[in-house]
Amino acid sequence: MGKALVMGASLKPSRYSNIAINRLVSAGEEVVAFGLRTGEVAGVKIDTELLKYKDVDTVTLYLNPKNQEPYYDYILGLNPKRVIFNPGTENPYFYAQLRDKNIEAEVACTLVLLSTGQY
């Protein structure tokens, strides 16, 4: 398995991004996270600056389309295999940019993918 980057990570236990970090770690995934506030979830440090992570396989988004805009170039530059657009993050404009770079744009829920063994 590869490395997952959770974009829009939250320290609040009720947030889906927080639950996703916990479930990804439980599933044995290597996880890195980016959010607005620094902290730690399930042993994963939430970074507040954009780092040049190596070998990111999957980016899972928890940012609405407008909040994704500043990160287009950053995400494209990581060259992940896929970007998961969780519910509420759907963004056809960004799908096209990803596909132009041969990056899969997957409209799905990370939590469902994990719980059904399709991650």
Side-chain angles (χ1 to χ4, degrees):
M1 292 199 211
K3 185 185 297 179
L5 167 58
V6 176
M7 291 285 298
S10 174
L11 294 171
K12 296 179 182 171
S14 61
R15 305 293 276 185
Y16 289 117
S17 62
N18 185 295
I19 297 166
I21 292 170
N22 279 287
R23 298 242 179 106
L24 286 162
V25 168
S26 293
E29 289 289 320
E30 184 180 350
V31 182
V32 290
F34 171 81
L36 294 177
R37 291 183 189 78
T38 191
E40 201 172 282
V41 176
V44 175
K45 180 179 180 280
I46 297 176
D47 296 308
T48 55
E49 56 187 90
L50 300 174
L51 302 178
K52 296 271 186 210
Y53 301 112
K54 299 270 188 241
D55 305 319
V56 172
D57 182 68
T58 300
V59 174
T60 183
L61 290 175
Y62 290 94
L63 299 167
N64 71 42
K66 183 147 184 60
N67 290 336
Q68 292 168 25
E69 289 176 22
Y71 305 113
Y72 290 166
D73 289 339
Y74 172 73
I75 293 169
L76 290 166
L78 292 173
N79 197 31
K81 288 190 176 89
R82 67 176 171 170
V83 175
I84 298 174
F85 290 83
N86 287 282
T89 68
E90 298 88 350
N91 184 345
Y93 173 77
F94 195 25
Y95 305 161
Q97 286 192 320
L98 291 164
R99 289 185 181 127
D100 284 347
K101 301 277 188 197
N102 295 314
I103 299 168
E104 180 186 353
E106 187 170 353
V107 180
C109 174
T110 297
L111 299 175
V112 172
L113 293 174
L114 284 164
S115 68
T116 59
Q118 297 176 68
Y119 183 83

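Only this structure's heavy atoms are used, side chains among them; waters, hydrogens and symmetry mates stay out. Every value quoted in this text rests on a predicted model; they were computed, and no experiment measured them.
Annotation: side chain to side chain donor-acceptor pair (under 3.5 Å) contacts of Q97 (sequence neighbours excluded): Y93. For R82, the side chain to side chain donor-acceptor pair (under 3.5 Å) test picks out T58, E106, with sequence neighbours left out. R99 pairs by the salt bridge (Lys or Arg N to Asp or Glu O under 4.0 Å) definition with nothing, not counting sequence neighbours. Remark: E30 engages K3 in a salt bridge (Lys or Arg N to Asp or Glu O under 4.0 Å) (not counting sequence neighbours). For T110, the side chain to side chain donor-acceptor pair (under 3.5 Å) criterion is met by T60, N86, not counting sequence neighbours. When the salt bridge (Lys or Arg N to Asp or Glu O under 4.0 Å) test is applied to K101, no partner is found at least two apart in sequence or on another chain. Applying the side chain to side chain contact (heavy atoms under 4.5 Å, CB included) test to V25 and every residue at least two apart in sequence or in another chain returns I21, V31, A42, V44. Take N22 and apply the side chain to side chain donor-acceptor pair (under 3.5 Å) test, not counting sequence neighbours, and it matches N18. In this view, D73 satisfies the salt bridge (Lys or Arg N to Asp or Glu O under 4.0 Å) rule with no residue, not counting sequence neighbours.
A distance-only check finds no donor-acceptor pair linking the side chain of S10 to the backbone of S17 [under 3.5 Å]. Between the Q68 side chain and the T89 main chain, a donor and an acceptor come within less than 3.5 Å of each other. Without hydrogens or angle criteria, Y62 side chain to G88 main chain gives no donor-acceptor distance under 3.5 Å.
Under a hydrophobic-cluster definition in which Ile, Leu, Val, Met, Phe, Trp and Tyr are linked whenever side-chain heavy atoms come within less than 4.5 Å, directly or via other members, V107 and L113 are assigned to different clusters. With hydrophobic clusters built from ILVMFWY side chains whose heavy atoms lie under 4.5 angstrom apart, L5 shares a cluster with V83. Residues F85 and L111 are members of separate hydrophobic clusters, defined by side-chain heavy-atom contacts under 4.5 angstrom among Ile, Leu, Val, Met, Phe, Trp and Tyr. Linking Ile, Leu, Val, Met, Phe, Trp and Tyr whenever their side-chain heavy atoms come within less than 4.5 Å puts L51 and M7 in one cluster. Linking Ile, Leu, Val, Met, Phe, Trp and Tyr residues whenever their side-chain heavy atoms come within less than 4.5 Å places L61 and V32 in a single cluster.
Across all their heavy atoms, L98 and A105 have their closest contact at CD1-CB, 4.1 Å. Nearest heavy atoms, A108 versus P87: O-CD, 3.8 Å. The minimum heavy-atom distance linking P80 with I75 is given by the pair CD-O, 3.4 Å. Shortest non-hydrogen contact noted between I19 and P13 is CG1-O, 3.6 Å.
D55 is not listed as a side-chain neighbour of D57, based on a closest heavy-atom distance of 4.5 Å or more.
Of the inter-residue distances, the one linking I46 atom CD1 with L36 atom CG reads 10.0 Å to the nearest 0.5 angstrom.
Within the structure, ring pair (Phe, Tyr, Trp, His ring centres under 6.0 Å) contacts touching residues 36-57 (residues at least two apart or in different chains) do not occur. Residue pairs that meet the ring pair (Phe, Tyr, Trp, His ring centres under 6.0 Å) test with at least one member in residues 17-40, sequence neighbours left out, are F34-Y71. Applying the salt bridge (charged side-chain N to carboxylate O under 4.0 Å, His left out) rule to pairs touching residues 34-44 yields nothing, sequence neighbours excluded.
Crowding of Y16 atom OH: a count of heavy atoms from other residues, nucleotides or ligands under 6.0 Å not exceeding 12.
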